[in-house]
Each structure stands twice: as structure tokens, then as C-alpha cells.
Amino acid sequence: ACAPFWEGRGGAGTPGAERAFEEGVAYMGQADFQRKDGTLVPVDVSCSMLRGDIIPPGVVVLFRDRSARIEADGARASLLARERAAREIAEDAAEHWSFLARVRKALLDRPDASGRIGALTRLLVPEYGDACAFCPMKTAETVDVATVAGHVGGNLFETLIATVRGEEMIAQVIRSARSWQSGAIGGSVMISGVRIQSWIITPVIVRDEVSGVIILVSIDRARTYAADEVELLTSAMALAGALIADAKSHEIETELRMAAQSALRDLSRTMETLRESETRFRALADASPLLIWQHSPTGNVTYANAALW
């Protein structure tokens, strides 16, 4: 076993035990030894010259099995890799929830539905696109442009969704309730004199139904949204859809309550007018010298003025 190291064949560039003996230098290296069963065992090798008055002089060669250390290093590397992966997941989750918290706060700061829609579109620009449009449902597979944020006008989005490609993609998003992006297949489009490099359509889902879509366009450069970004946008739109629907429900409830209160006030005024009219009629009838009375079909008197008495 020592022969390779004595002859300098312990590895590329290793001095071997012979050189350690001749030059009086220590040697440390690594090698793979073969067991009797033919398997290899990795070892650390160290050679040191015997010093002093020892006769004959020689070297001490130590071998240390490093299999356990290699296994421990592998386990440590695996743990570090898992730790890095867990940290990345935690950071992504923190970013995910941070964005959703921003969406929730921005929308809850506005009590009305239109205000919440505007806050949503402004929040998405320029972080997720150069311009954004909220488009509520118009028919089963078409939408209207309601609110726009960014440095383009609403006519750009109206023209975009009116194209054959736009109509097809919006219908596909509504049917599948899943996002679609042009960056996934490439290609830009010229709309109203503006070159749109890429765009993404994300459904706004309320109570498991698509209530509209959000369209984000990139003008300065083409953008492809990663799977986690699409997932984040989808989650944000679900949250926003619920908050917008809640605001609309509150507005409807407020309108109904105000309508009911108005109807009650009208009824109260009508009843008061009727009572005043009845009072005037009674006073006029009682002041008449003529007999005025009313009876039922059976002949019972149901009303008579004062002249009867």
C-alpha cells in the first residue's frame, strides 16, 4: 500500500514518501485505495520523516479513511442547498404576500368600486407594465374598457381588444379563467400608432366566475412574465375582484336603503296629505245644512254629516 507513495505515484505532482525522506519535508495527500472486495476507499495520506537519533532513519506514513467525512460533506451540501431553496421560497412567499397586502390596502383606502378599480390599475403601473386597463364583462365573451392607467389613452385598449387577435385571446381567457400573454409566443403589434411590444390578459374572478379582465401592455420593451409572476397577478386579481364586488354590493345596498328611505318619506307625506284632505272634507260636510250620508249595500249607515243629528 505504501509503494505508490514511496515512489512518488500517490497522485499528480505528489512528492511521495521517498522525497519526504530525502528532502526531509512532510507530505500530505489523498488517494483511493482498493479493498480486498474490489471496492475503493478514499483516504488521506501523510508522510513525515523520523527525526532524532533513530537508526535506521525512516518515515511514518499515516492513512485515514475519509469516507465518513465525504458523506458528511455531501449531507452538509445537501442541507445547504435545501436551506437556500427554503430561503428562496420564503422570500418569494414574503414578496407574494407583501404585494397582496399592498393591493388590499390600496383598494380598502377607497370605499367606492370605481375608486378601487382606479387604485388597482395605478398600482400595477409601472411595476407590471407601461399601461393598464380594467375591462368589465360586456357579453359572455367580450369586455368594455372602463379604467385606464399609464401614458396611453383608452382608445388604444379599445382598438386592441377589437382586433381579431384581441377578441380571440380575451374570449380564451374568459372561457379558461386563466391568464394569457403575448410574450409566450412572441410578436409585437402596432395599435393607434403605438408599438406594443408585449401584453398580458389576466381574468378578474369573483365567486368562481370571470367578472372582467385586466390588460397590461409593455411599450418600452417586450416582457415575458414568469410563472410565479402570473400566479401572483392571478391571486391579486382574485383579491381585487372580491374587494371591488364588495364595494359594488355596498353601493347597491346603499342605493336600495336610500330608495327605501325616500319611499317611506313619500308615503309619509302622502298619508299626511290624505289626512289633511279628510279633515277638510269632514269640516266642509259638517258645515253643510244638507243631509249627507253613506250606507252599505245592506242599508247600514256608515257615514252621516252633522245635519243628521
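Basis for what follows: all heavy atoms, side chains included, without hydrogens, waters or symmetry-related copies.
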Under 4.5 Å between side-chain heavy atoms, hopping through other hydrophobics if needed: is there a path connecting [X] to [Y]?
X: F134; Y: F157; answer: no
X: I196; Y: I214; answer: no
X: I215; Y: V230; answer: no
X: I117; Y: V217; answer: no
X: V194; Y: L216; answer: no

Taking the side chain as every heavy atom from C-beta outward, state whether [X] and [Y] have any pair of such atoms under 4.5 Å apart.
X: L107; Y: L239; result: no
X: S235; Y: L100; result: yes
X: I170; Y: T142; result: no
X: V148; Y: T121; result: no
X: N305; Y: L291; result: yes
X: T163; Y: I191; result: yes
X: H295; Y: N300; result: no
X: L120; Y: M237; result: yes

Heavy-atom pair with the smallest gap, counting every atom of [X] and [Y]:
X: E141; Y: M137; result: N-CE, 4.4 Å
X: R207; Y: A245; result: NH1-CB, 4.3 Å
X: R122; Y: G115; result: NH2-O, 4.4 Å
X: G166; Y: W199; result: CA-CH2, 3.9 Å
X: A106; Y: A119; result: O-CB, 3.7 Å
X: P42; Y: D32; result: CA-OD1, 3.4 Å

Kindly check if the number of other-residue, nucleotide or ligand heavy atoms within 6.0 Å of [atom1] ([X]) is above 12?
X: R275; atom1: CZ; answer: yes
X: E251; atom1: CD; answer: yes
X: M271; atom1: CE; answer: no
X: R175; atom1: CZ; answer: yes
X: D208; atom1: CG; answer: no

For [Y], is there any backbone N or O sitting under 3.5 Å from a side-chain donor or acceptor partner on [X]?
X: S277; Y: T273; result: no
X: S211; Y: V204; result: yes
X: S176; Y: Q172; result: yes
X: S198; Y: S218; result: no
X: R110; Y: R116; result: no

Q: Take V143 and I174 through the side chain to side chain contact (heavy atoms under 4.5 Å, CB included) test and state the conclusion after the steps.
A: CA-CA 10 Å; V143 296; I174 294 172; 4.2 Å; yes
Q | salt bridge (Lys or Arg N to Asp or Glu O under 4.0 Å) contacts in which one or both residues fall within residues 123-132, not counting sequence neighbours | A | R102-E127
Q.
Going by ring pair (Phe, Tyr, Trp, His ring centres under 6.0 Å), name the pairs with one or both residues in residues 69-107, residues two or more places apart or in two chains.
A. F99-Y128
Check residues 252-266 and write down every donor-acceptor pair under 3.5 Å in which the side-chain atom is one partner and the other belongs to a residue at least two apart or another chain.
from: T254; atom 1: OG1; to: H250; atom 2: O; distance (Å): 2.8
from: D266; atom 1: OD1; to: R269; atom 2: NH2; distance (Å): 2.1

Q.
List the residues meeting side-chain contact (heavy atoms from CB on, under 4.5 Å) with V173, not counting sequence neighbours, and say none if there are none.
A.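 Checked V173 against side-chain contact (heavy atoms from CB on, under 4.5 Å); matches are W180, I201, P203, V213.
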When rounded to the nearest 0.5 angstrom, what distance separates [atom1] in [X] from [atom2] in [Y]?
X: E229; Y: Q181; atom1: CD; atom2: CD; value: 8.5 Å
X: L160; Y: N155; atom1: CG; atom2: CG; value: 11.0 Å
X: R195; Y: I219; atom1: CZ; atom2: CD1; value: 12.0 Å
X: M169; Y: I200; atom1: CE; atom2: CD1; value: 13.5 Å
X: T279; Y: L284; atom1: OG1; atom2: CG; value: 12.5 Å
X: T147; Y: D144; atom1: OG1; atom2: CG; value: 11.5 Å

Please list every donor-acceptor pair under 3.5 Å in which a side-chain atom of residues 62-76 meets a protein atom from a residue at least two apart or in another chain.
from: D65; atom 1: OD1; to: S67; atom 2: N; distance (Å): 2.8
from: D65; atom 1: OD1; to: S67; atom 2: OG; distance (Å): 2.7
from: R66; atom 1: NE; to: V43; atom 2: O; distance (Å): 3.2
from: R69; atom 1: NH1; to: D44; atom 2: OD2; distance (Å): 3.0
from: R69; atom 1: NH2; to: D44; atom 2: OD1; distance (Å): 3.4
from: R69; atom 1: NH2; to: D44; atom 2: OD2; distance (Å): 2.9

Q: Please assess V206 against I244 for the test side chain to side chain contact (heavy atoms under 4.5 Å, CB included), listing each intermediate value before the final yes or no.
A: CA-CA 9 Å; V206 179; I244 292 169; over 6 Å; no
Q: Show your reasoning for whether salt bridge (Lys or Arg N to Asp or Glu O under 4.0 Å) applies to D286 and R282.
A: CA-CA 6 Å; D286 287 342; R282 186 175 295 277; 5.2 Å; no
Can you give each donor-acceptor pair under 3.5 Å made by side-chain atoms of residues 78-92, sequence neighbours left out, with the distance rounded to 0.1 Å?
from: E83; atom 1: OE2; to: R87; atom 2: NH2; distance (Å): 2.9

